[in-house]
Peer 1: 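Quick one: structure below, then a few questions.
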Amino acid sequence: MKVLGIETSCDETSAAVVSDGTIVLSNIIASSAKDHSPFGGVVPELAARKQLECIIPVIRNALSDAELEWNQLDAIAVTKGPGLLTSLLVGTTTSRVLSSVFRLPLIGVHHTFGHISSPWLECDEEIHFPLLTLSVSGGHTELWFRESHTRHTLLGRTRDDAAGEAFDKGASLFDLPYPGGPALSQLASGGNPHFVPFPHPLRGEDTCDFSFSGLKTSLKYVLRDRGGLAALSVVERKDIAAGYEQAICNHLLTRVGHAVDTHQTIKEIHVVGGVSANSTLRTLVQDFARARDVTLRLPKKMSYCTDNAAMIAAAGYFLHTEQLSLAAGRFQTDASVSL
Ligand code: KG4
Ligand code: ZN
């Protein structure tokens with residue numbers, strides 16, 4: 001079953017064709033991140049204007065890369081939310097028109113359901129449920145216990161900022177450009193994470209929840225107490241950034257550990273979302289999974305970690321196979337829909 005995926009929830013315009021939820025025939029991503037950089041974050045109006053301009057060319061490229069015509073597709077899957085409303089509407093309105101013109105079923109996909117489906121992309125091994133998914137993005141940080149593609153229980157979520165937000169806000173305290181996660185990680189690379197101690201959020205609490213706002217405040221005070229950014233040497237900046245990055249990743253790992261301890265049937269750990277591209281986090285979870293003898297799966301490519309339409313096409317396929325009657329029905333574009 002060949003599904004055309006369309007994703008426009010934030011600053012990206014992406015279209016992809018995926019066969020049977022795993023074989024990626026194309027995955028085109030056009031990002032307007034550079035246009036937002038001077039503003040320190042995504043400007044919704046600007047994002048939607050760019051998306052209007054490029055959605056049709058991006059979809060055309062996805063079809064031509066896949067070497068397919070419209071009549072060779074079986075369905076369209078589109079992100080219905082959450083995200084920026086005007087951006088979402090560009091994707092869902094375009095999809096509704098295409099679905100009607102080409103008589104293809106249209107599947108509305110929750111953005112997080114897209115992320116948690118990303119480990120299936122290009123995976124040629126069988127994936128075993130029940131599994132634990134840590135979904136870490138700019139908009140959410142959640143731990144899911146999953147018994148099938150569509151049967152899942154939320155074990156914990158962030159009580160304040162998302163992990164990606166913690167990276168982005170930290171990066172802005174270091175005067176780094178948006179998007180901050182990769183920039184902060186680059187600054188932290190080679191730094192000494194023990195130079196400045198950071199707190200352990202929710203330490204000792206019997207929960208799978210997360211909290212990142214305290215870490216961000218600590219970073220603010222560390223920088224202030226040392227005379228501000230201008231007073232720091234390059235090495236000191238690197239060391240402080242490394243400590244901050246390590247504290248975020250350690251916090252994520254303690255919650256994964258807690259979930260594995262309390263759910264002993266878990267066969268695999270998946271880490272997905274933009275922050276799963278972070279190399280410090282990858283190393284920590286790899287070591288943890290090896291020590292616990294649990295299979296770890298990360299998205300096969302960095303472009304499957306951050307927002308992309310291939311994961312939406314895969315998710316659409318899984319929704320269709322597990323919930324046939326529900327999947328291709330009506331849905332609302334909803335900026336704050338829950339999974
Ligand atoms: O999944 P995603 O592309 O979009 C959302 O659904 O939010 O995630 C974007 C987030 C941003 O906060 C970005 O700074 C963060 O993922 N991110 C990273 C890295 N790459 C992206 N954070 C830390 N290290 C990275 N290498
Ligand atoms: Zn995302």
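As a basis for the values below, the full set of heavy atoms in this structure was taken, side chains included, without hydrogen atoms, waters or symmetry mates. Starting from 1, each residue takes its place in the sequence as its number. Each ligand, and each atom within it, is numbered from 1 in the order the structure gives. Note that the structure is a prediction, hence the values are computed from the model and not measured.
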Peer 1: Can a salt bridge be assigned to the pair Arg292 and Asp261 using a cut-off of 4.0 Å between side-chain N and carboxylate O?
Peer 2: yes
Peer 1: Please confirm whether Gly164 comes within less than 3.5 Å of ligand 1 when only nitrogen or oxygen atoms on both sides are compared.
Peer 2: yes
Peer 1: Test of understanding: with side chain to side chain contact (heavy atoms under 4.5 Å, CB included), list the residues that count as partners of Thr92, not counting sequence neighbours.
Peer 2: Val78, Leu89, Phe331, Thr333
Peer 1: Evaluate the side chain to side chain contact (heavy atoms under 4.5 Å, CB included) criterion for residues Arg226 and Val196: first the C-alpha distance (whole Å), next the side-chain angles of each, then the deciding distance (0.1 Å), finally the verdict.
Peer 2: CA-CA 11 Å; Arg226 286 167 186 267; Val196 171; 3.8 Å; yes
Peer 1: Is Asp161 salt-bridged to Lys216, going by a charged N under 4.0 Å from an acidic O?
Peer 2: yes
Peer 1: Within a reach of under 6.0 Å around CD of Glu322, are more than 12 heavy atoms found that belong to other residues, nucleotides or ligands?
Peer 2: yes
Peer 1: Please compare Gly273, Ser118, Gly274 and report which has the shortest non-hydrogen distance to atom 16 (O) of ligand 1.
Peer 2: Gly274
Peer 1: Suppose we screen for side chain to side chain contact (heavy atoms under 4.5 Å, CB included). Which residues come up paired with Leu52, at least two apart in sequence or across chains?
Peer 2: Val90
Peer 1: Provide the full list of salt bridge (Lys or Arg N to Asp or Glu O under 4.0 Å) pairs with a residue in residues 54-83, sequence neighbours left out, each pair given once.
Peer 2: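 Every candidate salt bridge (Lys or Arg N to Asp or Glu O under 4.0 Å) pair involving residues 54-83 fails, so no pair, neighbours aside, qualifies.
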Peer 1: Does Ser185, backbone or side chain, put an N or O under 3.5 Å from an N or O of ligand 1?
Peer 2: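 No, there is no polar N/O contact under 3.5 Å.
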Peer 1: Provide the protein N, O or S atoms situated under 2.8 Å from the Zn ion (ligand 2); waters are not included.
Peer 2: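 The answer, once waters are left aside, is His111 NE2, His115 NE2, Asp307 OD1.
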Peer 1: May I ask you to check whether Tyr317 and Trp120 place their ring centres under 6.0 Å from each other?
Peer 2: no
Peer 1: Out of the candidates His140, His111, Arg157, only one should pair with Ser135 under the side chain to side chain donor-acceptor pair (under 3.5 Å) rule; please name it.
Peer 2: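 Answer to the side chain to side chain donor-acceptor pair (under 3.5 Å) test with Ser135 among His140, His111, Arg157: His140.
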Peer 1: List ligand 1 atoms under 4.0 Å from His111, heavy atoms only on the residue side.
Peer 2: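 It comes down to these atoms of ligand 1: 6 (O).
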Peer 1: Within the 3.5 Å criterion, strictly below it, is a donor on Asp307 or His115 matched to an acceptor on the partner's side chain?
Peer 2: yes
Peer 1: Are His149 and Phe129 near enough that their ring centres are under 6.0 Å apart?
Peer 2: yes
Peer 1: Which of the numbered atoms in ligand 1 are under 4.0 angstrom from any heavy atom belonging to Gly139?
Peer 2: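 Counting atoms of ligand 1 from 1, those under 4.0 Å from Gly139 are 7 (O).
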Peer 1: Note the single closest protein heavy atom to atom 23 (C) of ligand 1, along with its residue, its atom name and the distance in Å.
Peer 2: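 That would be Asn278 ND2, 3.6 Å.
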Peer 1: For atom 3 (O) of ligand 1, what is the nearest protein heavy atom, given as residue, atom name and distance?
Peer 2: Asp307 N, 3.0 Å
Peer 1: Counting from 1, what ligand 1 atoms have a heavy atom of His115 closer than 4.0 Å?
Peer 2: 1 (O), 6 (O)
Peer 1: Return a yes/no value for Pro179: is any of its N or O atoms, backbone included, closer than 3.5 angstrom to an N or O of ligand 1?
Peer 2: no
Peer 1: Return the orientation label for the Trp70 and Phe102 ring planes: parallel under 30°, perpendicular over 60°, tilted otherwise.
Peer 2: parallel
Peer 1: I'd like to know if Glu245 contacts ligand 1, where contact means a heavy-atom distance under 4.0 Å to any ligand atom.
Peer 2: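 It does not, in that no heavy atom of Glu245 comes within the 4.0 Å cut-off of ligand 1.
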Peer 1: Identify the protein heavy atom lying closest to atom 9 (C) of ligand 1, giving its residue, its atom name and the separation to 0.1 Å.
Peer 2: Gly138 N, 3.8 Å
Peer 1: Just need the protein heavy atom nearest to atom 22 (N) of ligand 1, so name the residue and atom and give the distance.
Peer 2: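 Closest protein heavy atom to atom 22 (N) of ligand 1: Gly181 CA, 3.5 Å.
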Peer 1: Considering both backbone and side-chain atoms of His140, is one of its nitrogen or oxygen atoms within less than 3.5 Å of a nitrogen or oxygen in ligand 1?
Peer 2: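 No; the residue has no nitrogen or oxygen that sits under 3.5 Å from a nitrogen or oxygen of the ligand.
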Peer 1: Below 4.0 Å from any atom of ligand 1, is there a heavy atom belonging to Ala277?
Peer 2: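 Checking ligand 1 against Ala277, which is what was asked, there is a heavy-atom contact under 4.0 Å.
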Peer 1: With a cut-off of 4.0 Å, which atoms of ligand 1 are near a heavy atom of Thr306?
Peer 2: 3 (O)
Peer 1: N/O to N/O below 3.5 Å, does that happen between Ser137 and ligand 1?
Peer 2: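 Ser137 vs ligand 1: N/O contact under 3.5 Å present.
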Peer 1: Would one find an N or O of Phe167, backbone or side chain, under 3.5 Å from an N or O of ligand 1?
Peer 2: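 No; the residue has no nitrogen or oxygen that sits under 3.5 Å from a nitrogen or oxygen of the ligand.
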Peer 1: Is Arg159 salt-bridged to Glu205, going by a charged N under 4.0 Å from an acidic O?
Peer 2: yes
Peer 1: May I ask whether Glu12 has any heavy atom positioned less than 4.0 angstrom from an atom of ligand 1?
Peer 2: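 False for this residue.
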Peer 1: From the options Asp168, Val136, Val42, select the one whose nearest heavy atom is closest to atom 14 (O) of ligand 1.
Peer 2: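 Heavy atom nearest to atom 14 (O) of ligand 1 belongs to Asp168.
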Peer 1: Between atom CG of Asn27 and atom CG of Asn61, what is the distance when rounded to the nearest 0.5 Å?
Peer 2: 12.0 Å
Peer 1: Taking the inter-plane angle between the rings of His263 and Phe145 on a 0 to 90° scale, is it parallel (under 30°), tilted (30 to 60°) or perpendicular (over 60°)?
Peer 2: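 Aromatic pair His263/Phe145 classed tilted.
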